[in-house]
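Letters go in sequence order (proteins before strands), and every chain restarts at 1.
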2 protein chains.
Amino acid sequence: MTPAAERVLEVAGKLFYDNGIHAVGVEGIASEAGVTKKTLYDRFGSKDALIAQYLRRRDERWREHLIRVVEQRGRISPSRRLLLVFDALEKWIADENPRGCAFVNAHAELPDATHPGRDVIREQKQWLLEYLRTLAREAGARNPRKLATSLLVLVEGATVTTTLGVVPGAVGNAKEVAKQLIESS
Amino acid sequence: MTPAAERVLEVAGKLFYDNGIHAVGVEGIASEAGVTKKTLYDRFGSKDALIAQYLRRRDERWREHLIRVVEQRGRISPSRRLLLVFDALEKWIADENPRGCAFVNAHAELPDATHPGRDVIREQKQWLLEYLRTLAREAGARNPRKLATSLLVLVEGATVTTTLGVVPGAVGNAKEVAKQLIESS
DNA sequence: ATTGAGGTATACCGACCGGTATGGTTACTA
DNA sequence: TAGTAACCATACCGGTCGGTATACCTCAAT
């Protein structure tokens, strides 16, 4: 990844997320990144490929953030680690996600199932589900897959309701529900 | 609402939902509805106004559907009525919502908080929360507001995860969690 | 009988879209 | 020292965008 490409990807990430994908032109991305359109196309090939890269980059950031919070050192029980997911989410929304889940938003704008970005979206949610499942298993859940599914629903629901601004304390609420679920499983 | 306007709104609803708002041009809507652009602009004034009308119409349809399922005749306990929300959701997703919540999707495409469509989005979620609160109160919940919030999180989360295709049985899962929440409240 | 509302058809506007072409500059490297 | 990768700047391509203008038609209500 060349320096110019790095700048393009950073700017694209900000503009795509803040304004929506279709609302942002490659011209604007290039100029804001201090790069010519030619360079952008030399590095990424097409806008669609750039979109996929944007999503991939964001996925990496989210995974790192989540893992950093959940797998922090200290004597924490596996059940409590599972709840840390919601703490990570709350911080993520506050710091980097005021306009909702980038993947849900991208999915809304990319109806074509063959779009390269769609793979990234699928992988992102799939990974999160698997991660929750692993944590659930470590927490000794009788049915880790089922608990993980419930938790994913809570995470996604809390994200949507928070960013739509109807329920400010949705993440905390979801965490409480999760606590109850974990205890009774 | 003139016949031509009705056709425009119907076509716009289908195209906006299926393809995303920005991806659809007024030209395409007009021609598909068998109407000239002039007529479209005479009736709706602008694309943004048409977007707001599209959302309003869809909100009406969802409310009618939900109420029809939840308030069906028969001897049903208030607690069970609360669970019927998830049956209504499952049918709604299968019949009319394969690409996710139209309001969440629209929110992703309309970052400008002053856009006329944003009011409709806010009202839609607000109404649903209020409706759930009423049902929760009738079901004898100790804290109806809190229960309603939890249920809204479950509804939104189930919708997102289902339409993203990661968890096919998400609505059923959410319903089970809801059942547990209702019983313990 | 006239008027006005609700249409039709066509043409136009400036602006922007994603993407390409040409050509030149710098800097590292084989 | 020759070559190449990574940029720069500018101009261009066909097509589409939201929105407007002009002119004509039909039909029900005053």
Side-chain angles (χ1 to χ4, degrees), chain A residues 1-57 105-106 108-112 114-118 120, chain B residues 1-57 105-106 108-112 114-118 120:
Chain A
M1 186 81 71
T2 65
E6 195 68 47
R7 261 148 51 214
V8 167
L9 197 49
E10 187 177 345
V11 168
K14 185 172 165 31
L15 293 183
F16 281 153
Y17 181 75
D18 288 345
N19 303 101
I21 292 170
H22 282 333
V24 176
V26 287
E27 188 92 54
I29 295 171
S31 73
E32 185 113 345
V35 154
T36 59
K37 265 206 287 186
K38 173 133 192 338
T39 300
L40 187 152
Y41 275 92
D42 282 348
R43 298 293 138 251
F44 296 95
S46 69
K47 185 184 182 182
D48 287 335
L50 179 58
I51 292 168
Q53 283 276 62
Y54 144 65
L55 291 171
R56 220 173 288 277
R57 171 66 62 97
N105 290 358
E109 292 204 75
L110 307 175
D112 177 8
T114 70
H115 191 287
R118 288 287 293 266
V120 188
Chain B
M1 186 83 70
T2 65
E6 194 68 47
R7 260 147 50 214
V8 167
L9 198 49
E10 188 177 343
V11 168
K14 186 171 165 31
L15 293 182
F16 281 153
Y17 182 74
D18 288 345
N19 304 101
I21 291 172
H22 281 333
V24 176
V26 288
E27 188 93 54
I29 295 171
S31 73
E32 185 113 345
V35 154
T36 58
K37 265 206 289 184
K38 174 145 192 323
T39 300
L40 188 152
Y41 275 91
D42 282 348
R43 299 292 136 249
F44 296 96
S46 70
K47 185 184 182 181
D48 287 335
L50 179 58
I51 292 167
Q53 283 274 64
Y54 144 64
L55 291 170
R56 219 173 288 278
R57 171 66 63 98
N105 291 357
E109 292 204 75
L110 307 176
D112 177 10
T114 69
H115 191 287
R118 288 288 293 267
V120 188

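Counting all heavy atoms, side chain and backbone alike, Phe44(A) lies closest to Ala5(A) at CZ-O, 3.6 Å. Taking every heavy atom of both residues into account, Ala108(A) and Ala108(B) meet most closely at CB-CB, 4.3 Å. Looking at every heavy atom in both residues, Pro111(A) comes nearest to Asp18(B) through CB-O, 3.3 Å. Pairing each heavy atom of Gly28(B) with each of Ser31(B), the nearest pair is O-OG, 3.2 Å. Counting all heavy atoms, side chain and backbone alike, Leu55(B) lies closest to Gly117(B) at CD1-O, 3.7 Å.
Between the CZ atom in Arg118(A) and the CD1 atom in Ile51(A) there is a gap of 12.5 Å [rounded to 0.5 Å]. To the nearest 0.5 angstrom, Glu10(A) atom CD is 10.5 Å from Leu15(A) atom CG. Remark: Asn19(B) CG to Leu110(A) CG distance equals 12.0 Å, nearest 0.5 Å. Rounding to the nearest 0.5 Å gives a distance of 6.5 Å between CG of Leu40(B) and CD1 of Ile29(B). The CZ atom of Phe16(B) sits 13.5 Å away from atom CG of Asn105(B), with the distance rounded to the nearest 0.5 Å. Once rounded to the nearest 0.5 Å, the distance linking CZ of Arg56(A) with CG of Leu9(A) reads 11.0 Å.
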For nucleotides 24-30 of chain D, give me one character per nucleotide, 5' to 3': B if any protein heavy atom sits under 4.0 Å from the base, S if the only such contacts are to the sugar-phosphate, - if neither. -------
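Applying the side chain to side chain donor-acceptor pair (under 3.5 Å) test to pairs two or more places apart or on separate chains, those with a residue in residues 40-55 of chain B are Lys38(B)-Asp42(B), Asp48(B)-His115(B).
Between the side chain of Arg57(A) and the backbone N or O of Gly13(A) there is no donor-acceptor pair closer than 3.5 Å.
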What are the atom names and distances for every N/O pair under 3.5 Å that joins the protein to nucleotides 25-30 of chain C?
none

Which protein N or O atoms sit under 3.5 Å from an N or O of nucleotides 5-9 of chain D?
residue, atom, partner, partner atom, Å
dC7(D), OP1, Ala4(A), N, 3.2
dC7(D), OP2, Thr2(A), OG1, 2.3
dC7(D), OP2, Arg43(A), NE, 3.2
dC8(D), OP1, Gly34(A), O, 2.7
dC8(D), OP2, Thr36(A), N, 3.3
dC8(D), OP2, Thr39(A), OG1, 3.1

Under 3.5 Å, which protein N or O atoms sit close to an N or O of nucleotides 16-19 of chain D? Give each pair with its distance.
residue, atom, partner, partner atom, Å
dG18(D), OP1, Val24(B), O, 3.4
dG18(D), OP1, Lys47(B), NZ, 2.5
dG18(D), OP2, Val26(B), N, 2.9
dG19(D), OP2, Tyr41(B), OH, 2.8
dG19(D), OP2, Lys47(B), N, 2.9
dG19(D), O5', Tyr41(B), OH, 3.4
dG19(D), N7, Lys37(B), NZ, 2.8
dG19(D), O6, Lys37(B), NZ, 2.1

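Contacts with DNA chain C (heavy atom under 4.0 Å) in residues 9-18 of chain B: none are found.
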